[in-house]
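Below is one structure, written out as structure tokens; the observations come after it.
Throughout, residue positions are numbered sequentially from 1 according to the sequence presented. Predicted model, so just to flag it, every value in this text is computed and none were measured.
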Amino acid sequence: QVQLVEFGGGSVQAGGSLILSCQALGNTSGEYSMAWYRQAPGKERELVSQIGDRLMTRYADSVQGRATISQDKAKNTIYLQMTSLKPEDTAMYYCRWDGLGWRVYWGPGTQVTVSS
């Protein structure tokens, strides 16, 4: 079992920045990837950014140029730095861990609210 611990959510003004972190605890042996998703009220959950086991990264078009994902492999922790935040970035952000054997775990979610 894997538990995901998220930090960094909060309220910020438009144009501001924040850093989200997510640490995977438990049985994290083997190859895995981690990602940040977000879900705004009335919308489907969408991928924000993902980092692979070999540190390959990808970003949603909506955050391209405003987000940077990184990883501390030794700590099984990922970080998502977001800048130039917009009101449309407001959402519940969820950390996701994908491991071997179709194992998927989700974090509890951390709220990010961007005020105009």
Quick check against the 3.5 Å criterion: does [X] have a side-chain atom that pairs as donor or acceptor with the backbone of [Y]?
X      : Y     : answer
Gln1   : Gly26 : no
Ser29  : Asn27 : no
Thr113 : Thr90 : no
Gln81  : Ala67 : no
Glu31  : Gly99 : no

Measure the [atom1]-[atom2] distance between [X] and [Y] for me, rounded to the nearest 0.5 Å.
X     : Y     : atom1 : atom2 : answer
Ser33 : Asp53 : OG    : CG    : 8.0 Å
Asn76 : Leu4  : CG    : CG    : 10.0 Å
Met34 : Ile51 : CE    : CD1   : 9.5 Å
Gln71 : Leu55 : CD    : CG    : 5.5 Å
Ile69 : Gln50 : CD1   : CD    : 8.0 Å
Tyr59 : Ser49 : OH    : OG    : 4.5 Å

>> side-chain contact (heavy atoms from CB on, under 4.5 Å), that's the test. Do Phe7 and Leu20 meet it? Break it down for me.
In response: CA-CA 6 Å; Phe7 292 98; Leu20 302 179; over 6 Å; no
With heavy-atom distances below 4.5 Å as the criterion, would you say the side chains of [X] and [Y] are in contact?
X      : Y     : answer
Val2   : Leu25 : no
Thr110 : Trp36 : yes
Arg103 : Asp98 : no

Kindly give the heavy-atom pair with the smallest separation between [X] and [Y], and that separation in Å.
X     : Y      : value
Ala91 : Arg38  : CB-CB, 3.8 Å
Pro87 : Ala14  : CD-CB, 4.3 Å
Ser84 : Arg66  : O-NH1, 3.1 Å
Val48 : Tyr37  : CG2-C, 3.9 Å
Glu6  : Gly109 : OE1-N, 2.7 Å

For residues [X] and [Y]: do they belong to one hydrophobic cluster (side chain heavy atoms under 4.5 Å, members Ile, Leu, Val, Met, Phe, Trp, Tyr)?
X     : Y      : result
Met92 : Val112 : no
Ile78 : Met56  : no
Val12 : Tyr93  : yes

> So Tyr94 and Trp106, would you call those rings parallel, tilted or perpendicular, with 30° and 60° as cut-offs?
Replying inline: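 Geometry flag for Trp106 against Tyr94: perpendicular rings.
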>> Under the rule for side-chain hydrogen bond (donor to acceptor under 3.5 Å, both in side chains), what residues qualify as partners of Gln39, not counting sequence neighbours?
In response: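 Gln39 satisfies side-chain hydrogen bond (donor to acceptor under 3.5 Å, both in side chains) with Arg45 once adjacent residues are dropped.
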> Would the number of heavy atoms belonging to other residues, nucleotides or ligands and lying under 6.0 Å from CD of Gln13 be above 12?
Replying inline: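 Check fails, neighbour count at 12 or below.
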> Above 12 or not: heavy atoms from other molecules or residues under 6.0 Å from CD of Glu44?
Replying inline: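 Atom CD in Glu44 is not packed in, count stays at 12 or less.
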>> On the six-membered ring of Tyr32, is Lys73 placed so that its NZ or CZ lies under 6.0 angstrom from the centre and within 45° of the ring axis?
In response: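 Satisfied, under 6.0 Å and within 45°.
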>> Arg96 vs Val104, test: side-chain contact (heavy atoms from CB on, under 4.5 Å). Steps then yes/no.
In response: CA-CA 7 Å; Arg96 172 176 165 136; Val104 177; 3.8 Å; yes
>> If you apply the rule side-chain contact (heavy atoms from CB on, under 4.5 Å), what do you find for Asp72 with Tyr79, and how did you get there?
In response: CA-CA 8 Å; Asp72 184 338; Tyr79 305 89; 4.2 Å; yes
